[in-house]
2 protein chains.
Amino acid sequence: MHRSFLVLYELSKRMKHRSGRLLISSSELGECLGVSQQTASRYLSDLELGGFIERSRGGRGQFISLTRKGLDVLDGVYLNLKTFFDEIGTPILIKGRVVQGFGEGAYYVKEYSKSLREGLGFEPFFGTLNIKPLRPFPFLEKYVVGEVKGFSKGGRSFGSLKYVSAILSSSGWTEDCFIIIPKRTHHLSELEVVCEHGLREKHGIKDGDLLQVELKV
Amino acid sequence: MHRSFLVLYELSKRMKHRSGRLLISSSELGECLGVSQQTASRYLSDLELGGFIERSRGGRGQFISLTRKGLDVLDGVYLNLKTFFDEIGTPILIKGRVVQGFGEGAYYVKEYSKSLREGLGFEPFFGTLNIKPLRPFPFLEKYVVGEVKGFSKGGRSFGSLKYVSAILSSSGWTEDCFIIIPKRTHHLSELEVVCEHGLREKHGIKDGDLLQVELKV
DNA sequence: ATTACTAACTTTCGAGTAT
DNA sequence: TATACTCGAAAGTTAGTAA
């Protein structure tokens with residue numbers, strides 16, 4: 001979240017919908033934001049350079065539309081504010097597709113096995129399911145229910161893990177699971193799920209399948 | 001919308017709910033935001049000074065909760081993003097209470113009467129209903145359906161007006177109406193509604209009554 | 001009308017440090 | 001541990017102006 005959000009947001013306020021297009025001049029935008037025309041012009045040029053917007057010159061200003069990247073910035077903020085303002089108990093759902101992990105999941109679950117068993121209350125399956133969400137998803141740290149302390153082994157250091165409780169589901173089945181969050185990670189782009197069972201085998205899951213994760217809050 | 005939003009938002013991300021309280025140190029916050037401890041400390045002090053947060057020192061940091069003012073900043077952003085991301089056709093509802101206008105509504109409607117009649121397609125009632133929304137409401141400019149040009153009369157200048165089409169309702173009745181937006185206004189805090197009929201008389205509306213405005217988008 | 005460059009100005013930041 | 005002050009350095013802003 002950097003400053004560019006404020007400008008993107010100001011643009012989005014003036015668009016009826018995410019797929020819309022906006023005609024605005026740099027001086028108008030400057031007025032909206034309380035900065036000069038020159039500064040507004042630089043803002044737009046920076047946003048374009050960063051891949052957040054696309055623009056084309058029109059006679060009375062410039063036509064602006066948001067790129068996927070720009071929309072995702074706004075969507076991430078929207079989803080976080082939604083969890084913040086929604087009534088307690090409103091389910092938090094994340095939809096995503098199964099992706100190929102780096103193959104390290106099994107290795108790590110094995111290494112952390114003892115600690116995880118104590119924390120989770122069951123023997124975790126030796127492997128993780130990696131899920132790539134379709135949209136940005138809320139910041140998960142606030143839902144953390146436990147932590148596994150880091151350790152060193154064979155000259156290699158294993159950092160602390162936090163985990164969030166969730167329910168994984170697809171058509172016809174539901175499984176309790178945990179989402180693993182390496183302690184020193186700021187921007188998670190995939191969810192790493194551990195479970196008591198091998199879900200790929202048990203439910204015939206393969207890469208690309210669409211799953212739903214519901215956070216237990 | 002100024003920069004303080006970014007810090008408020010970062011705090012809200014770490015709170016489970018709007019009524020929650022957060023324990024965080026200035027250096028942790030600095031890390032989240034990518035700034036130094038000193039800067040984060042100043043951010044918090046500025047937010048407190050501005051009335052956006054309340055805080056109290058704890059041993060390992062400070063307890064932070066958001067004030068009504070701070071929540072309204074976030075809520076305003078949330079509502080705008082909601083209209084931006086919701087499917088087209090999702091109704092946009094604003095609930096608010098009738099308040100005493102400055103008594104100028106009748107005067108202005110009279111002055112603008114001719115132009116309004118042309119734009120709205122009916123003879124507007126000589127008076128406006130002022131509504132104070134309960135929560136922040138979305139930026140309305142993007143829903144403008146028409147404009148009434150400004151003019152000068154008797155040495156006094158009347159600025160341009162824009163208007164948005166809406167449906168006003170309460171238990172048992174519904175009325176088509178328009179929300180009037182003075183062209184050079186940036187921060188509307190009340191809605192000024194014009195209608196074909198005198199609603200205070202027709203429906204027995206009095207100050208403090210709760211009404212709902214649905215925007216026609 | 002616009003957009004956007006450069007140079008001077010202003011604000012914001014953070015290392016050092018006090019509390 | 002914390003928070004938060006001062007002040008030199010860095011970053012951001014805008015007036016003037018070109019295109």
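Here is how names work: the chains are called A, B, and so on, in the same order as the sequence lines, proteins then strands, and each is numbered from 1. On a predicted model such as this, the values are computed, not experimentally measured, just so you know.
Distance, R3(B) CZ to dT11(C) P: 13 Å, rounded to whole Å. Atom CD in E48(B) sits about 12 Å away from atom C1' in dT3(D), given to the nearest Å. Rounded to whole Å, the distance from CD on E31(A) to C1' on dT2(C) is 16 Å. What separates NE2 of H2(A) from C1' of dT12(C) is a distance of 18 Å, to the nearest Å. Put simply, CZ on R60(A) is 12 Å from P on dT3(C), counting in whole angstrom units. Distance, I24(B) CD1 to dA2(D) C1': 14 Å, rounded to whole Å. The interatomic distance linking Y43(A) (OH) with dT3(C) (P) rounds to 16 Å, in whole Å. Following rounding to the nearest Å, L47(B) (CG) and dA4(D) (P) show an atom-to-atom distance of 12 Å.
Residue pairs meeting the salt bridge (charged side-chain N to carboxylate O under 4.0 Å, His left out) criterion with at least one partner in residues 144-158 of chain B, sequence neighbours excluded, are E111(B)-K153(B), E147(B)-K149(B), E147(B)-K183(B). Among residues at least two apart or in separate chains, salt bridge (charged side-chain N to carboxylate O under 4.0 Å, His left out) pairs with a member in residues 123-139 of chain A are D75(A)-R135(A), R117(A)-E123(A).
Within the structure, a side-chain polar atom (N or O) of Q62(B) is placed less than 4.0 Å from OP1 or OP2 of dT3(D). OP1 or OP2 of dC13(C) has not a single side-chain nitrogen or oxygen of S36(B) nearer than 4.0 Å. Remark: S41(B) is not in phosphate contact with dT3(D), judged by side-chain N or O atoms under 4.0 Å from OP1 or OP2. Phosphate contact (OP1/OP2 of dT19(C), side-chain N/O of R57(B), threshold under 4.0 Å): absent. One finds a side-chain N or O of T39(A) lying less than 4.0 angstrom from the OP1 or OP2 phosphate oxygen of dT14(D).
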Can you give the donor-acceptor pairs under 3.5 Å from side chains of residues 39-48 of chain A to other protein atoms, not counting sequence neighbours?
unit_1: T39(A); atom_1: OG1; unit_2: S36(A); atom_2: OG; d: 3.1
unit_1: E48(A); atom_1: OE1; unit_2: R55(A); atom_2: NE; d: 3.0
unit_1: E48(A); atom_1: OE1; unit_2: R55(A); atom_2: NH2; d: 3.1

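Residues meeting the side chain to side chain contact (heavy atoms under 4.5 Å, CB included) test with L210(A), sequence neighbours left out: R97(A), L134(A).
At least one side-chain heavy atom of I92(B) sits less than 4.5 Å from a side-chain heavy atom of P138(B). Using a 4.5 Å cut-off on side-chain heavy atoms (C-beta onward), F5(A) and V77(B) make contact.
Test T67(B), L22(B), L8(B) against I53(B) for side chain to side chain contact (heavy atoms under 4.5 Å, CB included) and you get one pass: L8(B).
Annotation: K216(B), atom NZ; neighbour count of heavy atoms from other residues, nucleotides and ligands within 6.0 Å is above 12. Atom NZ of K110(A) has 12 or fewer heavy atoms from other residues, nucleotides or ligands within 6.0 Å.
Taking the C1' atoms of five terminal pairs at each end of the helix from dT2(C)-dA19(D) to dT19(C)-dA2(D), the two resulting helix axes are inclined by 40°, rounded to 10°.
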- Summary of protein contacts for nucleotides 5-10 of chain D, nucleotide by nucleotide, where a base hit scores B, a sugar-phosphate-only hit scores S (4.0 Å, heavy atoms): B-----
